[in-house]
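Everything below concerns the one structure shown next.
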Amino acid sequence: MNIETRLRVLEKIYALHADFCGPFALACGQGCARCCTANVTLTTLEALRIIRHWHAQGRSVPLAALTAAAQSPRFQPALTINRMAALCLQGAEVPEEAADPAVGPCPLLEADRCSIYPARPLACRAMVSRDTCAQGGAADMPEEILSANHLLMQFVEALDLSGASANLADALLFLLQPDQLAAYTSGAPITAAPPLAPHHAIPALMIPPELRARLLPLAQAVQACIRNLALG
Ligand code: SF4
């Protein structure tokens, strides 16, 4: 699947996530940015989408903010969701990866608003809450959405097998290097080394048995989209 097709599948996955969350009464709204921290992560395909968004909008890249974020404390994932799923299946211990919630704001947050909102990655779309986090201090996420997030993150990773996941600032700064961007968009596997966590295929879909009836149609919708767009 070429990069343009993969970007179209990514759009579709975002739309499926929005459709899935639509019926829930959620408190999230404009101007609430408590979950917009420097810990946010994304895949290289999602980073490419953000870079293209800047170009399409004629916006300059916030290099100073990204560079400052990459020099500050932030969550840097060592394992992807599919790698964790594989370790679980093998009965191996999954290392704990803790993110400090007290790190600073996301470098793409401007006056409490996301500066790339239409191009924000799945990790941002996934952060929803039934209650206002500013009041309770933490998100109250419905179990179904939490599981749907995990499921769709597995597909987003598998869609980008030649890529990697990383902290948002690290991934964007990596792909903003012209030689890395050219190699990545040509389909060459990136040389994934820390702070980039290499991607893996889906070893098994992470669907809790009690949510099977609810989540299987979502997985099937993604699979159908991949089939249709890959053949089209
Ligand atoms: S990319 Fe946008 S939505 Fe995501 S954490 Fe940053 S400011 Fe918030």
Side-chain angles (χ1 to χ4, degrees), residues 7 10-11 13-18 20-22 24 26-77 80-81 97-141 145-146 148-150 152-153 156-157 159-160 163-176 195-197:
L7 283 164
L10 183 61
E11 287 275 349
I13 291 175
Y14 289 166
L16 287 168
H17 183 267
F20 188 89
C21 294
F24 292 85
L26 300 171
C28 309
Q30 274 200 343
C32 179
R34 279 187 68 98
C35 60
C36 293
T37 75
N39 287 332
V40 69
T41 62
L42 78 180
T43 64
T44 33
L45 189 65
E46 293 178 298
L48 173 65
R49 192 165 176 272
I50 293 173
I51 292 170
R52 290 204 176 173
H53 173 77
W54 281 323
H55 291 161
Q57 299 288 310
R59 286 197 58 158
S60 52
V61 173
L63 255 188
L66 291 172
T67 305
Q71 291 166 353
S72 304
R74 64 204 182 282
F75 176 60
Q76 293 181 290
T80 64
I81 193 156
E97 291 203 281
D100 178 3
V103 295
C106 171
L108 304 185
L109 191 64
E110 292 175 2
D112 273 351
R113 284 172 194 259
C114 176
S115 60
I116 52 126
Y117 193 76
R120 69 200 188 288
L122 182 59
C124 305
R125 295 164 196 267
M127 279 303 297
V128 296
S129 177
R130 282 181 284 222
D131 293 326
T132 309
C133 306
Q135 286 166 3
D140 171 22
M141 194 181 294
I145 294 186
L146 184 64
N149 288 343
H150 291 155
L152 294 181
M153 281 172 184
V156 169
E157 177 181 346
L159 187 60
D160 190 21
S165 285
N167 178 277
L168 174 139
D170 295 325
L172 284 167
L173 288 172
F174 174 80
L175 271 195
L176 283 167
L196 304 175

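We're numbering straight along the sequence, starting at 1. Note that ligands are numbered from 1 as they come in the structure, with each ligand's atoms numbered from 1 the same way. All values below come from the heavy atoms of this structure, side chains included, with hydrogens, waters and symmetry mates left out.
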Exercise. Do you know how many protein N, O or S atoms are within a distance smaller than 2.8 Å of atom 2 (Fe) of ligand 1?
Worked result: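 For atom 2 (Fe) of ligand 1, protein nitrogen, oxygen or sulfur atoms under 2.8 Å: 1.
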Exercise. Roughly how far, to the nearest 0.5 Å, is OG of Ser165 from CD1 of Ile81?
Worked result: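 Ile81 CD1 to Ser165 OG: 9.5 Å, rounded to 0.5 Å.
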Problem set entry | Rounded distance [0.5 Å steps], CD1 in Ile51 versus CG in Leu172 |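 Spacing of CD1 (Ile51) from CG (Leu172) equals 5.5 Å.
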Exercise. Is the closest basic N to carboxylate O distance between Arg52 and Glu11 below 4.0 Å?
Worked result: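 Between Glu11 and Arg52 there is no salt bridge, as every charged N stays at least 4.0 Å from the carboxylate O atoms.
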Problem set entry | Side chain to side chain, Pro195 and Asn167, heavy atoms closer than 4.5 Å |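 No; the side chains remain at least 4.5 Å from each other.
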Exercise. Which atom names give the shortest non-hydrogen contact between Thr44 and Leu175, and what distance separates them?
Worked result: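 The answer is O-CD1, 3.4 Å.
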Exercise. Just wondering, more than 12 heavy atoms not from Phe24 lying within 6.0 Å of its CZ?
Worked result: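 Check passes, neighbour count above 12.
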